[in-house]
**Q** 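Dropping a structure here in structure tokens format, bear with me for questions.
In what follows, chains are A, B, ... by sequence order, proteins preceding strands, each numbered from 1.
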Amino acid sequence: MSINLPLDRADFLYGGRFFMHVYNPTEIEERWQQRWKEENFYRAVIDDTKTKYFVLEMFPYPSGKLHMGHMRVYSIGDVLARFLWMRGYNVIHPMGWDAFGLPAENAAIEHKVNPSVWTMQNIEHMKKQQNRLGLSYDWHREVNTSAPDYYRWSQWLFLLMYRRGLAYRKKAGVNWCATCNTVLANEQVEKGLCWRCSSAVESRELEQWFLRITDYAEQLLNDLDILEDWPERVKVMQRNWIGRSEGAEIAFKLKDFPGQEIRTFTTRPDTLFGVTYMVLAPEHPLVKQLVEGTENEEAVLEFVARVRQESEIERTSDEAPKVGLFTGRFAVNPVSGEEIPVLVGNYVLMAYGTGAVMGVPAHDQRDFLFARQYSLPIRVVIQHSEEEPSEETMTEAYTGAGRMVNSGPFNGLNSSDGITAITTYLAEQGQGHFRITYRLRDWLISRQRYWGAPIPIVYCENCGIVPVPEEDLPVELPVALELSDNRVPNLAGYPTFVQTTCSTCGGPARRETDTMDTFICSSWYFLRFTSPNYVDAPFDSKEVDYWMPVDQYVGGIEHAVLHLLYARFFTKVLNDAGLIKVKEPFSRLLAQGMVYKDGAKMSKSKGNVVTPDEIVERYGADTGRLFILFAAPPEKDLDWSDQGVEGCHRFLRRVWRLVEECAMQFKGERGCADPGEAEMELQRSVHAAIKKVTHDIGERFNFNTAISAIMELVNSIYAYRQASSGDRQNHAVLRESLKQTVLLLAPFVPHLAEEIWHSFGYGGSVHRQPWPQYDPHKLQVNEVEVVVQINGKVRGKITVPANYPEDKLIEAARSNQRVDELLIGKEIVKTVAVPGRLVNIVVK
RNA sequence: GCCGGAGUGGCGGAACAGGCAGACGCAAGGGACUUAAAAUCCCUCGACCAUAUUGGUCGUACCGGUUCGAUUCCGGUCUCCGGCACCA
């Protein structure tokens, strides 16, 4: 087998007839990669005569090694980029490095090396691996988020946010990962665990920097509707995450505390007359004041302290019992004047709504269970059937809509009218108003870590919080060398970094020592790609206006909320600031599936890892790319199959052999001049393949079926050669068929296609040829096979002229011998004919 | 609980607009070539039945509906995957 032969071009005796070259991917691939690099083949420049197309794969974290997931995204992006180039677009296809982050610090400890050194080594290595895959990147546009000339602009964007009131500092209960030794954004906590290290996240009360993403909640939600070419599942995930609910904020006056009130949020103001109690979050600021001096004081404060110590998982677990303690105080229902007890409960979250909940046990299942547990009254105020449910016998809350009862002047209204009526009434009384709340929280961006972009803020004793002036950017990271306690000290551990002077008053000041969340750096990198070396601003507006938006973005589903939400937020802020024209960064999104093997994610512990390197070494990049695109449609999970790879390699060798054999033949034989039926059929196969491949890549992103269409074409060419050997073959038609096949293969297997292209003596690069166009005339057939059904079951097949009219078709169907026999003694009820497809005869 | 996606041979998958279910590939079996192996080529390959070289029945998770005709459309059920969830 060729793959085990020496790397040099080996000649061997084939079929006793020709001396041929073996398909040697390593040699071919290295040679073309070198050529493409020398010729700056993928350089993108503004060209107003062409339509631009921005193809982007999510840039990687430079972990040091490429895995199959990487190979899959890049292969998808590369096929699209090359295809679009051939279709005449001005394609930009850049690549860079999301280079800040924790692994570099861990590696620094392990290898006693500066994080930046480790990162740069990894980048060099991964870049080589990428290039071995034959990817069409414009490396002139490479960006590295950890380089000062990049994070300078990340800091600049932070200051822009600050100026616009979107970056602020507050003390709040935040997620703390003890393993990573830093705080985390809500989006970075998955089921109570740190997204990076999977250890349990604690809650801590800290003063931190936030970005006001909640200001954009409505826009981020609404604009999902204009993203028609995003997968539904990603949009749904973002909608869920933003979590919009409509309702009312209602103020309950406090008995014994004149002028004080508790504000609650509810989606069901129509149930206000059914409120029988109220529950505050343990963190609610009023708790301490309410219990002060009551006999419940000690118990409540102890309860509050205990709950606040619990971790996020403990507190939100399904098993956690709902506990409530009476504060000894009462609130007044704003519509009924009724006095209701105020409790403190472990299930109420301070961060959502107002941190206080009105309890309506008859119409909320959780309130119902809570009321039963503590023997609190249950009052039905929404009736939904003929019988009014009895409060004693109810087994569950009724949470649907209905007619309002026991609700004073509002009796008889339906729920939706009641919501409006009650809220309007409350607003008139100054006791409430319509309100929309979101689940989305502001983005916590401080990280107590070294390897990130420093937050460009200075604290001055006289002036307070002072943003670093733009001209002083970047605030550069000090060189990290010393390691303590098995960790790289964060910036607070570098006195020369911390001590500075205030730019306003010139007095002594200290720098902010937290760095920014790495997701900040990746929220705008696509903009930097348009002008990566620009020194006057984060990007050159001329370039950004030409290239943006990203027309096709490709990446993993794991960023459905995280990166994709943050990047949309940044884009909207920059649009509001007048810096860019687009409102959404990514027009079209392809969320590719994961790569599995033997039913599990590839992992060292399972021993099922296959690396791109070993595939390239053994079969060549072209084979690996072909398999990864052929095995499944891109958005589905892919099952890695070693035998499947063999199959794809076999196919490429088959293509190679076909070309070699034909080349010999063209030299040694004359061939025949007149194209006949066999040649027309071959041409039909060619043009059918062109049509299908074009549609499958360009419209459907189904590379697997595009590849199978090329395989069918190759099979057809083999069949033609076999059916008409030697001098009876038409060399011109054959040569043309091979040429088209190579063009169709070019996006998938760039090296092999380029090699064949040149071996045929064609000029230029195959990747700069116009994409083949199918000729409808060549697709036309004279005769078609039509299925004859009786009662919907296939009973025969007839071959008729392609444009046979309906009546003749039916006649032909009826006169088919077998059909005729089956029709004896039957009454024909109806006949349906679809020209070119089928005839269905319905009988009794 | 709410929301989204999916369910087709031994396997990955195909069927684009309601019209021959299983393209293409993998695996498997048989054969050719070869001293042999590799490579390559040819044939078979959903299940069951049969009078078994050209026939029949069933078959796209399940039950029903619409239709001349349903993997495809509609209603319901089940299972799996994913997101959100003590969210007021």
**Q** With the side chain of A/M711 defined as its heavy atoms from C-beta on, choose the nearest nucleotide among B/C86, B/G25, B/G83.
**A** B/G25
**Q** Does the side chain of A/K636 get closer than 4.0 angstrom to OP1 or OP2 of B/G13 through an N or O atom?
**A**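 Yes, within the criterion.
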**Q** If only side-chain N and O atoms count, and only distance matters, is there a donor-acceptor pair under 3.5 Å linking A/Y352 with A/S245?
**A** yes
**Q** Base, sugar-phosphate, or nothing for A/D696, non-hydrogen atoms under 4.0 angstrom?
**A** nothing
**Q** Measure from the side-chain heavy atoms of A/N715 and tell me the nearest of B/G19, B/C24, B/A15.
**A** B/C24
**Q** Expressed as a whole number of Å, how far does the P atom of B/U53 sit from that of B/C58?
**A** 23 Å
**Q** Would you mind telling me which of B/C87, B/C86, B/A15 lies closest to the side-chain atoms of A/Y347?
**A**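 The listed nucleotide nearest to A/Y347's side chain is B/C86.
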**Q** Hey, does A/G243 reach any base, or is it just sugar-phosphate, or nothing, if we go heavy atoms under 4.0 Å?
**A**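 Contact class for A/G243: none.
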**Q** In whole angstroms, how far is the P atom of B/A17 from the NE2 atom of A/H695?
**A**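 Distance check: A/H695 NE2 to B/A17 P gives 8 Å.
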**Q** Suppose we define a pair by two distances each less than 3.5 Å, Watson-Crick or G-U wobble; what does B/A88 pair with here?
**A**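 With both distances under 3.5 Å required, B/A88 matches none.
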**Q** Where does B/G9 land, syn or anti, once you apply the within-90°-of-0 test for syn?
**A** syn
**Q** Can you measure A/Y23 atom OH to B/U40 atom P for me and round it to whole angstrom units?
**A**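 Result: 14 Å.
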**Q** OP1, OP2 of B/A27 versus side-chain N and O of A/R650: anything below 4.0 Å?
**A**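 For B/A27, OP1/OP2 do have a side-chain N/O of A/R650 under 4.0 Å.
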**Q** Take atom CD1 of A/I242 and atom C1' of B/C2, then tell me their distance rounded to the nearest Å.
**A** 17 Å
**Q** Do any side-chain nitrogens or oxygens of A/S245 fall under 4.0 Å of OP1 or OP2 in B/A88?
**A**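 So the side-chain polar atoms of A/S245 do come within 4.0 Å of the phosphate oxygens OP1 or OP2 of B/A88, strictly under.
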**Q** Should the heavy atoms of other residues, nucleotides or ligands under 6.0 Å from CZ of A/R814 be counted, would the total exceed 12?
**A**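 Incorrect, the count does not exceed 12.
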**Q** Looking at A/K322, does any N or O in its side chain come under 4.0 Å of the phosphate oxygens OP1/OP2 on B/C86?
**A** no
**Q** Could you tell me the separation between the CZ atom of A/F651 and the P atom of B/C26, rounded to a whole number of Å?
**A** 11 Å
**Q** Are A/F651 and A/F630 close enough that their ring centers fall under 6.0 Å?
**A** no
**Q** Classify A/N791 by what it touches in the nucleic acid, base, sugar-phosphate, or nothing, heavy-atom distance under 4.0 Å.
**A**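 Nothing, no nucleic acid heavy atom in range.
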**Q** Distance check, C1' atoms only: B/C68 and B/G13, in whole angstrom units.
**A**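 About 31 Å, rounded to a whole number of Å.
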**Q** Which part of the nucleic acid, if any, lies within reach of A/T437 when heavy atoms closer than 4.0 Å are counted: base, sugar-phosphate only, or nothing?
**A** nothing
**Q** Closer than 4.0 angstrom, basic N to acidic O: yes or no for A/K692 and A/E712?
**A** no
**Q** Please report the distance separating the C1' of B/C81 from the corresponding atom of B/A15, rounded so that it comes out in whole Å.
**A** 24 Å
**Q** Give A/Q789 one of three labels, base, sugar-phosphate or nothing, depending on what nucleic acid heavy atoms sit under 4.0 Å from its own.
**A** base
**Q** Should the side chain of A/N840 and the base of B/C68 be counted as holding a donor-acceptor pair, with the cut-off at 3.5 Å?
**A**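 Per atom types, the contact qualifies.
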**Q** Could you tell me how far B/G9 sits from B/A61 if I compare only their P atoms? Round to whole Å.
**A** 8 Å
**Q** Think A/R654 has a side-chain N or O under 4.0 angstrom from the OP1 or OP2 of B/A39?
**A** no
**Q** If you draw the axis of the six-membered ring of A/Y718, does the NZ or CZ of A/R654 fall within 45° of it and under 6.0 Å from the ring centre?
**A** yes
**Q** Reckon A/N704 has a side-chain N or O less than 4.0 Å from the OP1 or OP2 of B/A23?
**A**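 The answer is no; no side-chain N or O of A/N704 sits under 4.0 Å from OP1 or OP2.
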**Q** What nucleotide, of B/A88, B/G55, B/G19, holds the atom closest to the side chain of A/R818?
**A**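 So the nucleotide nearest the side chain must be B/G55.
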**Q** Under 4.0 angstrom, heavy atoms only, what part of the nucleic acid is A/P231 near: base, sugar-phosphate, or nothing?
**A** nothing
**Q** Rounded to whole angstroms, how far apart are OH on A/Y718 and C1' on B/G25?
**A**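 Spelled out: OH on A/Y718 to C1' on B/G25 is 16 Å.
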**Q** Starting the side chain at C-beta, find the nucleotide from B/C26, B/G19, B/C41 nearest to A/V832.
**A** B/G19
**Q** Do the rings of A/H559 and A/H563 sit parallel, tilted or perpendicular, given the 30° and 60° boundaries?
**A** perpendicular
**Q** Tell me what A/R795 touches on the nucleic acid: a base, only sugar-phosphate, or nothing, going by heavy atoms under 4.0 Å.
**A**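 Since only primed, P, OP1 and OP2 atoms lie under 4.0 Å of A/R795, the category is sugar-phosphate.
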**Q** May I ask you to check whether A/Y596 and A/W640 place their ring centres under 6.0 Å from each other?
**A** no
**Q** Given atom NZ of A/K601 and atom P of B/G82, what is their separation to the nearest angstrom?
**A** 11 Å
**Q** Which base sits across from B/G25 as a Watson-Crick or G-U pair, both distances under 3.5 Å?
**A**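 Answer to the pairing question: B/C11, which forms a Watson-Crick or G-U pair with B/G25.
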**Q** Mind checking A/R837 for me? I need base, sugar-phosphate or nothing, with any heavy atom below 4.0 Å counting as a touch.
**A** sugar-phosphate
**Q** Give A/V787 one of three labels, base, sugar-phosphate or nothing, depending on what nucleic acid heavy atoms sit under 4.0 Å from its own.
**A**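 The residue A/V787 makes base contact.
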**Q** Would a line drawn from the ring center of A/H649 to the ring center of A/Y23 be shorter than 6.0 Å?
**A** yes
**Q** Under 4.0 angstrom, heavy atoms only, what part of the nucleic acid is A/V829 near: base, sugar-phosphate, or nothing?
**A** nothing
**Q** Does the structure show a Watson-Crick or G-U wobble partner for B/A37, both distances under 3.5 Å? Name it, or say none.
**A**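 Paired with B/A37, as far as the under-3.5 Å criterion goes, is no nucleotide at all.
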**Q** Which nucleotide sits closest to the side chain of A/F630: B/C24, B/G5, B/A88?
**A** B/C24
**Q** Rounding to the closest angstrom, what is the interatomic distance between B/C26 and B/A21 at atom P?
**A** 25 Å
**Q** Taking only the C1' atom of each, what is the distance from B/G25 to B/U66 in whole angstrom?
**A**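 Roughly 37 Å separates the two C1' atoms.
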**Q** Of A/M350 and A/L838, whose closest RNA chain B nucleotide lies nearer the 5' terminus?
**A**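 The residue whose closest nucleotide sits nearer the 5' end is A/L838.
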**Q** For A/I557 and for A/V236, find the nucleotide of RNA chain B with the closest heavy atom, then tell me which residue's nucleotide is more 5'.
**A**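 Whichever sits nearer the 5' end wins; that is A/V236.
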**Q** How far, in whole Å, is B/C87 from B/G69 if one measures between their C1' atoms?
**A**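 It works out to 50 Å between them.
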**Q** Measure CZ/A/R653 against P/B/U40 and give the value in whole Å, please.
**A**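 Taking CZ of A/R653 and P of B/U40, I get 5 Å after rounding.
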**Q** Between B/C2 and A/N240, is there an OP1 or OP2 to side-chain N/O distance shorter than 4.0 Å?
**A**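 No, no such contact exists.
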**Q** When all nucleic acid strands are considered with a 4.0 Å heavy-atom cut-off, which category describes A/E699: base, sugar-phosphate, or nothing?
**A** nothing
**Q** Checking all strands, does A/F370 fall into the base, sugar-phosphate, or nothing category for heavy-atom contacts under 4.0 angstrom?
**A** nothing
**Q** Using Watson-Crick or G-U wobble geometry with both distances below 3.5 Å, tell me the partner of B/C80, or none.
**A** B/G5
**Q** Could you check whether any side-chain N or O of A/D367 sits under 3.5 Å from a backbone N or O of A/V360, counting only pairs where one atom can act as donor and the other as acceptor?
**A** yes
**Q** Between A/R233 (CZ) and B/G5 (P), how many Å, whole number?
**A** 11 Å
**Q** Just compare B/A88, B/G5, B/G13 and give me whichever is closest to any side-chain atom of A/P633.
**A** B/G13
**Q** What is the distance from atom CD1 of A/I790 to atom CZ of A/R818, rounded to the nearest 0.5 Å?
**A** 7.5 Å
**Q** Taking atom P in both B/U57 and B/C24, what distance in whole Å separates the two?
**A**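 26 Å, rounded to whole Å.
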**Q** With both distances kept under 3.5 Å, what pairs with B/G46, Watson-Crick or G-U wobble?
**A** B/C58
**Q** If the cut-off is 4.0 Å, is A/K793 near the phosphate of B/A21, judged by side-chain N/O to OP1 or OP2?
**A**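 It does not, given that no N or O in the side chain of A/K793 lies less than 4.0 Å from OP1 or OP2 of B/A21.
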**Q** Tell me whether the OP1 or OP2 atom of B/C41 has a side-chain N or O from A/R657 closer than 4.0 Å.
**A**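 Looking at the OP1 and OP2 atoms of B/C41, one of them is under 4.0 Å from a side-chain N or O of A/R657.
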**Q** Return the nucleotide paired to B/U71: Watson-Crick means purine N1 to pyrimidine N3 with N6-O4 or O6-N4, wobble means G-U with N1-O2 and O6-N3, both under 3.5 Å.
**A**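 By the stated definition (distances under 3.5 Å), nothing pairs with B/U71.
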